[in-house]
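Chain A is the first sequence line, chain B the second, and so forth, proteins listed ahead of strands; every chain is numbered from 1.
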Amino acid sequence: MPELPEVETVARGLRAHIVGETLQEVLILHPTLIVKQDREHFRRQLEGATFEQVGRRAKFLLFSLGSRGVLLGHLRMTGKFIVSDPLPEPGKHHRVWLTLESGKLLIFEDMRCFGTLEWFPEVSRIPQLQALGPEPFSAEFNRAHLEGQLAHRRREIKPALLDQRLVAGIGNIYASEILFRIGVHPTRAADQLRTAELGALVQATQQVLTEAVLKNGTSISDFRRVDDKTGEFQNFLQVYDRTGQPCRQCGTSIERLVQQQRSTFYCPKCQR
DNA sequence: AGCGGAACCTGTCGGC
DNA sequence: TGCCGACAGGTTCCGC
């Protein structure tokens with residue numbers, strides 16, 4: 001479901017609701033996967049802790065608990081965080097209930113059970129964050145970085161963009177959108193992009209992601225904000241999920257292909 | 001070392 | 001109507 005803009009939207013939404021709140025009770029409603037560690041340990045670490053900040057790294061949510069460590073969350077495909085008033089009983093796909101001292105309920109819901117929650121003593125000890133590439137808006141994400149990383153890489157550029165070690169936060173929707181903006185065909189070998197195209201790739205990545213964050217992300221089917229509203233960027237997609245529809249630039253039919261088991265959308269005329 | 005494929009799990013949709 | 005396969009915004013592990 002969510003890529004950088006959607007996760008950023010969730011982080012901002014949560015921040016407004018839960019910073020300063022103390023966790024009163026942790027209720028795990030699903031037996032597997034979601035909470036990746038021992039449930040009693042997880043519960044003990046969280047109960048009584050206070051949310052000091054909600055941040056994002058790549059597509060991970062980081063709930064800082066001050067001296068009580070950090071809660072790492074990942075929405076994967078269908079995960080959602082919802083801030084709610086108390087409920088009489090859990091919804092069908094509710095996986096974890098976190099009761100806050102104010103009486104509000106922080107719900108982690110996930111139909112497909114791919115999402116994860118995990119507690120760590122400190123951010124520096126989170127293995128999942130170790131190999132991540134630079135954030136798209138950081139100074140380290142620049143043309144030289146791409147040149148260095150992509151030299152002699154024969155894999156196709158679109159799957160390369162999904163590799164979180166190259167740059168963190170791009171997912172399947174925005175990878176297609178970014179390549180459309182720079183007129184690069186998704187099957188081009190990563191090491192065959194010209195220097196100017198790599199510069200354009202940096203720019204387009206930052207532009208697309210910035211616009212998507214401003215529109216509160218993309219809601220194709222599942223994604224919802226913390227307040228259950230949809231994002232709006234789906235109204236501005238140029239190629240994603242537009243197979244057979246006319247390219248907004250040249251009128252040619254948008255095409256779909258599969259790369260590494262994921263759909264890619266592109267304009268065969270605008271992208272070479 | 002780098003890359004592709006399978007696996008994780010549930011639901012929806014289109015074709016027959 | 002029912003069944004079956006394809007597909008869904010992600011990451012991780014396992015081979016080659």
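For the pair His74(A) and dG10(C), the criterion of a side-chain N or O lying under 4.0 Å from OP1 or OP2 is not met. An OP1 or OP2 oxygen of dG9(C) is reached within less than 4.0 angstrom by no side-chain nitrogen or oxygen of Lys59(A). Neither OP1 nor OP2 of dG9(C) sits under 4.0 Å from any side-chain N or O of Tyr174(A).
Within the hydrophobic cluster formed by Ile, Leu, Val, Met, Phe, Trp and Tyr side chains joined at under 4.5 Å, directly or through other members, Leu62(A) is accompanied by Phe60(A), Val70(A), Leu72(A), Phe120(A), Val123(A), Ile126(A), Leu129(A), Leu132(A).
Under a cutoff of 6.0 Å and an axis angle of 45°, Lys80(A) and Phe108(A) do not form a cation-pi pair.
Look at CD on Gln128(A): it is 17 Å from P on dG10(C), rounded to the nearest Å. Spacing between atom CG of Asp191(A) and atom P of dA1(B) amounts to 19 Å, rounded to whole angstrom units. Regarding Phe60(A), its CZ atom lies at a distance of 10 Å from the C1' atom of dT12(C), rounded to whole Å. Whole-Å rounding puts the Arg76(A) CZ to dC9(B) P distance at 12 Å. Atom CD1 of Ile173(A) and atom C1' of dC7(C) are 14 Å apart (whole Å).
Taking the centre of each ring, Phe63(A) and Phe81(A) come in below the 6.0 Å mark.
Between Trp97(A) and His94(A), the two ring planes are tilted [angle within 30° to 60°].
Applying the 3.5 Å distance criterion, the base of dG9(C) shares no donor-acceptor pair with the side chain of Thr78(A).
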For nucleotides 14-16 of chain C, give me every protein contact, N/O to N/O, under 3.5 Å, one pair per line with atom names.
none

For nucleotides 10-16 of chain B, which of its nitrogen or oxygen atoms have a protein nitrogen or oxygen under 3.5 Å away, and what is each distance?
{"from": "dG11(B)", "atom 1": "OP1", "to": "Lys92(A)", "atom 2": "NZ", "distance (Å)": "3.0"}

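By the stacking rule of 5.5 Å between ring centres and under 30° between planes, Phe114(A) stacks on the base of dG10(C).
Taking every heavy atom of residues 252-268 of chain A and every atom of DNA chain C, pairs under 4.0 Å involve Arg256(A), Arg262(A), Ser263(A), by number. Contacts of residues 153-172 of chain A with DNA chain C (heavy atom under 4.0 Å): Gln164(A), Gly171(A), Asn172(A).
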Exercise. Run the salt bridge (Lys or Arg N to Asp or Glu O under 4.0 Å) check on Glu135(A) and Arg57(A) step by step: do they pass?
Worked result: CA-CA 8 Å; Glu135(A) 284 290 316; Arg57(A) 171 77 171 106; 2.9 Å; yes
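For DNA chain B, each stem of at least three Watson-Crick or G-U pairs (distances under 3.5 Å) is given as range with range: B:2-8 with C:10-16, B:10-16 with C:2-8.
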